[in-house]
Structures are given as C-alpha cells and as structure tokens.
Amino acid sequence: MVFYDTWPKLEPRHLLYILMLVLFIDHIWEIILAKRQQLTCLGAITVPEELRGIIPPEIFHRARIYELHKMELFIWKHVMDVIISLLELYFGFYPFVWGLATSTLASLTDKEIWISLIFVFYLTIYITLRCLPVLLYDKCILELRYGTQQRFPCYIYFCMGLLSIVLSQIVLAPLTLLIVFSVQAIGYYFFLYFWLMWALFTIFLVFFLPYLCIPCIGHQRRLPPGSLLYADIKQVCDVTGFPMSRVFIIRTKSMQYSNAYFYGSCCLKRIVIFDTLLYNKGLPIQELQPYEVGRGLTNPQVVAVVAHELGHWRKGHFYKATFIMKVHFLLTMVLFGLLFHCPQLYQAVGFVPGLCPIIVGFIIVLRFAMTPYLTLANFLMLWNLRRFEYAADRFAHRLGYSMQLRLALIKIYADHMSFPVYDSCYARWHHTHPTILQRLAYQQRLDAEAYYNT
C-alpha cells in the first residue's frame with residue numbers, strides 16, 4: 001500500500017486513545033438513550049388518551065413488557081460491546097488474528113487476498129462466540145424476568161451458531177475477495193470508484209426495482225378502473241396532477257404489514273398500495289384467513305394515505321433523498337479513503353509499521369475511525385426523513401384529508417399493535433418516522449392553525 005509522505009504525523013499511541021475515547025462516548029450515548037426509553041416505558045402504565053378504545057389494556061401491557069425487555073437487552077449488549085471492543089483495541093486483537101491467519105497459510109501462500117479470507121473466517125467464529133454474553137443474559141435472566149420469548153434447548157443455539165458461521169461465509173468470502181482484489185487492482189482512489197458504482201447501482205435500482213424486488217413480495221398491477229376506490233383515488237390524483245396509470249396495487253403473498261409508498265421519477269414514478277392496506281384486503285371474507293378479517297382501511301382512509309404519498313411526490317422528496325444519499329455516500333467514501341491510507345491508524349491498533357492489510361483497514365475505519373461522522377450523518381438523515389413525513393402529512397391536510405389520515409394512522413396502528421410511547425430524544429436518534437402519537441399531535445396542531453387562520 002502506498003501512502004503520501006505529506007500525511008500529518010500523529011503518535012500511534014495517542015491515536016489509539018482517541019479511538020478508544022470515541023468508541024466509549026458512542027456506546028455510552030446509546031446506553032443513555034436506551035435508559036431514557038426504558039424509564040419512559042416504566043412510567044407509561046396506562047394507554048395514552050389518544051389511543052384509548054383502540055388498543056386493549058392487555059395488549060398495551062404486553063407491548064410495554066416487550067419494549068422493556070428490548071431496551072434492557074439493548075443496554076446489556078452495548079455494555080458488553082464497549083468493554084470487549086476497548087479490550088480488542090488496547091491489546092491488539094486485530095494484529096493477533098491477522099498473524100494467526102498468516103501462520104495458517106504460511107506453508108501455502110503469502111498473498112494478502114488469501115490471508116484475508118482466512119482472517120474473515122476466524123473473525124466470524126470469534127464474533128459468534130462474542131455474542132454469547134448477550135445470549136446468556138437474554139435467556140438466563142431476561143427470559144425469566146419478562147417471559148416474552150419461547151425457551152429452546154441449549155443445543156438449538158449451538159446449532160444456530162454453527163449455521164450462522166457457515167452461512168455467513170457464503171456472503172463474506174466472495175465479498176472479501178472482491179474488496180481486496182478491487183483495492184489492489186484500482187489503486188489509491190478505489191473509494192471514488194466504489195462511490196461511482198454505488199451511484200450507478202441506485203439508478204439501475206430505480207429502473208428495475210418493480211421487475212426484480214417487487215415480484216418477491218407479490219403480484220403488482222395497475223389499480224383497476226371501475227371500482228369505488230379507483231374513483232376516489234382518481235379524484236385526489238386529478239387535483240394534484242398525478243397520472244392514475246402510475247398507481248399500482250400489490251397482491252401480497254405472505255406480508256401482513258399495511259403499507260403504501262411512492263418512489264421513482266418522470267415516467268418511472270409510481271404509487272404502490274399493498275392489498276393489506278385495503279379493508280379485508282379488498283377480497284370476500286370467505287377468501288381470507290380468520291386473523292385477516294376486519295384488518296385494513298376504508299376507501300376514504302386509503303385515499304388519505306395516497307394523499308400523503310402524493311405529498312412526497314409534489315414536494316420532490318424522492319429527488320431530495322436521492323441527492324442527499326449520494327452526497328452522504330460521497331463524503332463517506334472520501335473520508336474513508338483518507339483514513340484508510342493513514343499508516344498511523346494501523347499502527348494504533350497494533351500493526352507493525354508498513355503492514356496495512358486491506359480488509360482490516362475496512363474494519364477499523366468503518367467501525368472505529370468514522371464513528372463520529374457516521375453517527376452525526378445518521379442523526380441528520382433520520383431528522384430529514386421525519387421532516388419529509390411531516391411535510392407529506394401537511395400536504396394531505398391541505399387537501400382536506402386531516403381527519404381521514406388521522407383515522408387511517410390509528411387503524412394501521414390498531415392492526416399491528418406496537419408500543420406507542422417513546423422518549424423524544426430516543427426517537428430522534430432511532431426513528432425514520434414520527435411516532436403515532438407525534439403524528440396525531442401534528443394533525444391536531446394543523447387543525448388548530450387552520451381554525452385560527454380562518
């Protein structure tokens with residue numbers, strides 16, 4: 001690996017302490033957020049007023065117990081992860097595994113690409129074993145405390161661990177070979193080629209997503225004309241100028257989640273409605289499973305959801321999100337390239353000067369060195385996605401669908417029953433969408449603003 005002599009000199013030991021400090025702060029912050037959410041769950045002992053009559057108290061109690069279980073497991077996972085990760089950095093874990101992989105192939109080859117393959121294999125075994133403290137805490141302590149999961153014999157988990165090691169190699173082995181070969185073949189500016197390939201792939205995905213991914217979910221077809229739903233949706237599409245020929249419905253195979261989404265641009269734009277969003281899936285009762293009866297929305301509520309998706313279209317959220325993601329990935333790749341070529345970074349984690357394995361560089365840069373940027377970027381992108389959702393809700397409100405959208409949100413929530421109460425700080429750092437309570441409150445605020453402005 002070639003490095004520029006102009007790279008600023010930094011004492012490797014000092015850099016190691018910086019990496020350890022960044023890692024510690026990141027995990028402590030996640031633990032604080034999870035603790036805030038746990039305390040919020042402990043305080044939410046009754047169904048929120050907005051959802052009373054919608055969610056039975058016993059369902060709310062089970063969802064609350066599950067959320068408490070999840071948060072406590074999340075905290076324990078981060079506690080164990082920060083302790084083990086700090087020990088890995090301080091005692092030179094990655095050079096040790098690399099040396100083990102090198103000695104394994106010493107009599108056969110010294111090529112980095114094959115050593116990398118064995119390194120990843122050993123690392124996979126270690127990661128599987130590394131999960132044991134979390135698994136034991138979940139099964140031996142939380143299982144008894146909350147009783148939210150089914151208990152399995154110990155040998156089942158042992159078999160699952162072996163299976164995960166085997167299956168992961170099917171993905172990781174070719175990926176490792178591809179990464180090492182690409183970096184060696186392309187050279188110093190490989191990260192820019194990676195960005196270009198990703199940009200081209202996303203464009204390809206826009207063109208071919210309906211033909212490659214959606215068939216795995218179900219059969220997609222245009223919303224058939226002549227029905228009451230078609231007439232109602234056509235009315236709102238005509239108001240906004242969206243062509244009805246670009247409104248599709250998916251007859252799902254096994255999916256139970258109610259959803260609709262907008263994606264694409266120009267002649268490729270489309271609004272897709274899952275049949276699970278329709279009342280009784282739009283089918284006669286005799287064709288449904290017992291648990292499917294009564295699920296879904298009425299036609300006016302479906303139209304309100306479509307109005308929300310039309311808001312994403314009219315506000316240009318697809319273009320904005322695509323641009324933001326491409327800029328974010330470009331910044332990520334440029335920063336990654338700068339850090340990847342820093343020799344002090346490899347020395348900080350324990351490698352001797354001049355030894356800079358490519359696959360190890362990917363791990364230490366993405367897992368440790370880029371943590372501040374990735375954390376901040378993730379927070380900002382989640383904030384922007386929630387802003388898009390509020391903007392689409394505002395668009396539907398201005399079209400006159402405030403009440404129907406509110407009823408639709410409540411019915412979708414009632415069909416799927418998740419815990420509705422979240423700490424505001426925790427939600428800002430983890431949620432792509434506003435919570436159900438936040439969206440209902442936002443609609444009420446828009447109603448109040450409209451009332452006072454008239």
Side-chain angles (χ1 to χ4, degrees), residues 1-4 7 12 15-16 19 23 81 84-131 161-198 201 329 332-371 374:
M1 186 74 60
V2 177
F3 299 101
Y4 289 139
W7 188 271
L15 183 55
L16 172 63
L19 292 177
L23 179 71
D81 191 56
I84 296 174
S85 297
L86 289 174
L87 292 175
E88 289 173 358
L89 284 174
Y90 188 80
F91 290 105
F93 169 76
Y94 293 101
F96 168 77
V97 179
W98 183 261
L100 187 62
T102 302
S103 61
T104 302
L105 296 180
S107 60
L108 299 176
T109 181
D110 60 352
K111 290 185 179 297
E112 182 179 341
I113 191 169
W114 303 116
I115 297 175
S116 299
L117 203 60
I118 302 300
F119 170 84
V120 170
F121 175 67
Y122 288 158
L123 197 61
T124 305
I125 297 175
Y126 167 74
I127 291 173
T128 303
L129 296 175
R130 196 176 187 267
C131 295
L162 290 178
L163 185 62
S164 66
I165 293 173
V166 174
L167 294 179
S168 62
Q169 299 311 304
I170 298 175
V171 176
L172 293 178
L175 183 61
T176 301
L177 295 175
L178 178 62
I179 288 175
V180 177
F181 176 79
S182 299
V183 174
Q184 290 177 338
I186 297 173
Y188 189 89
Y189 293 102
F190 73 92
F191 52 92
L192 296 179
Y193 288 92
F194 281 10
W195 175 81
L196 180 61
M197 292 301 297
W198 179 83
F201 173 75
F329 196 67
T332 301
M333 285 291 95
V334 170
L335 182 59
F336 174 84
L338 292 174
L339 295 171
F340 182 83
H341 292 294
C342 174
Q344 291 85 2
L345 188 61
Y346 296 84
Q347 296 172 35
V349 299
F351 284 95
V352 297
L355 180 57
C356 307
I358 292 171
I359 196 65
V360 179
F362 270 74
I363 294 172
I364 61 176
V365 171
L366 292 175
R367 187 180 174 195
F368 303 116
M370 292 190 62
T371 295
L374 293 177

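What you are looking at is a predicted structure, and each value in this text was computed from that prediction instead of being measured.
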S.K.: Test: salt bridge (Lys or Arg N to Asp or Glu O under 4.0 Å). Region: residues 347-370. Which pairs qualify, not counting sequence neighbours?
M.R.: Asp81-Arg367, Glu88-Arg367
S.K.: Leu192 and Met333: side chain to side chain contact (heavy atoms under 4.5 Å, CB included), yes or no, with the steps?
M.R.: CA-CA 7 Å; Leu192 296 179; Met333 285 291 95; 5.7 Å; no
S.K.: I would like to know whether Leu100 and Ile118 meet side chain to side chain contact (heavy atoms under 4.5 Å, CB included); could you show each step before the answer?
M.R.: CA-CA 9 Å; Leu100 187 62; Ile118 302 300; over 6 Å; no
S.K.: Applying ring-ring contact (aromatic ring centres under 6.0 Å, His included), can you list everything that pairs with Phe96, at least two apart in sequence or on another chain?
M.R.: none
S.K.: With rounding to the nearest 0.5 angstrom, report the OG1 to CD distance, Thr102 to Glu112.
M.R.: 9.5 Å
S.K.: What's the spacing between Leu123 CG and Thr128 OG1 if we round to 0.5 Å?
M.R.: 9.5 Å
S.K.: What heavy-atom pair brings Ala348 and Pro12 nearest, and what distance separates the two atoms?
M.R.: CB-O, 3.3 Å
S.K.: Within the side chain of Gln344, is there an N or O that forms a donor-acceptor pair under 3.5 Å with the backbone of Leu15?
M.R.: no
S.K.: Hey, could you give me each pair passing salt bridge (Lys or Arg N to Asp or Glu O under 4.0 Å) that has a residue in residues 178-198? Not counting sequence neighbours.
M.R.: none
S.K.: Would a line drawn from the ring center of Phe336 to the ring center of Phe362 be shorter than 6.0 Å?
M.R.: yes
S.K.: For Trp198, I'd like to know if atom CH2 has over 12 heavy atoms of other residues, nucleotides or ligands within 6.0 Å.
M.R.: yes
S.K.: Show the numbers, then the answer: is there a side chain to side chain contact (heavy atoms under 4.5 Å, CB included) between Phe121 and Ile125?
M.R.: CA-CA 7 Å; Phe121 175 67; Ile125 297 175; 3.7 Å; yes
S.K.: Identify the heavy atoms of Pro95 and Gly92 that sit nearest to each other, and give their distance.
M.R.: CD-O, 3.3 Å
S.K.: As an exercise, state the distance from CD1 of Ile179 to CD1 of Ile359, rounded to the nearest 0.5 Å.
M.R.: 4.5 Å
S.K.: Tell me whether Tyr94 contacts the main-chain N or O of Gly361 through its side chain, where contact means a donor paired with an acceptor under 3.5 Å.
M.R.: no
S.K.: Under the rule for ring-ring contact (aromatic ring centres under 6.0 Å, His included), what residues qualify as partners of Phe93, not counting sequence neighbours?
M.R.: Tyr126
S.K.: With rounding to the nearest 0.5 Å, note down the distance linking CG in Leu177 to CD1 in Ile113.
M.R.: 5.0 Å
S.K.: Please assess Thr104 against Tyr122 for the test side chain to side chain contact (heavy atoms under 4.5 Å, CB included), listing each intermediate value before the final yes or no.
M.R.: CA-CA 11 Å; Thr104 302; Tyr122 288 158; 2.8 Å; yes
S.K.: So how far is it from Ser116 OG to Leu172 CG, rounded to the nearest 0.5 Å?
M.R.: 12.5 Å
S.K.: Which heavy atom of His341 sits nearest to which heavy atom of Pro343, and what is that distance?
M.R.: O-CD, 3.2 Å
S.K.: Would you give the length of the straight line joining atom CG of Leu16 to atom CG of Leu86, rounded to the nearest 0.5 angstrom?
M.R.: 9.5 Å
S.K.: Checking Tyr193 now: which residues fulfil side chain to side chain donor-acceptor pair (under 3.5 Å) with it, not counting sequence neighbours?
M.R.: none
S.K.: Test of understanding: with ring-ring contact (aromatic ring centres under 6.0 Å, His included), list the residues that count as partners of Phe368, not counting sequence neighbours.
M.R.: none
S.K.: Please name the pair of heavy atoms, one in Val120 and one in Gln169, separated by the smallest distance, quoted to 0.1 Å.
M.R.: O-NE2, 4.4 Å
S.K.: Kindly give the heavy-atom pair with the smallest separation between Ile358 and Phe340, and that separation in Å.
M.R.: O-CE1, 3.4 Å
S.K.: Within the 4.5 Å heavy-atom criterion, are Leu345 and Leu19 side-chain neighbours or not?
M.R.: yes
S.K.: Kindly assign one of parallel, tilted or perpendicular to the pair Tyr189 and Phe191, based on the angle between their ring planes and the thresholds 30° and 60°.
M.R.: tilted
S.K.: What pair of heavy atoms forms the shortest contact from Tyr346 to Pro357, and how long is it?
M.R.: CE2-O, 3.5 Å
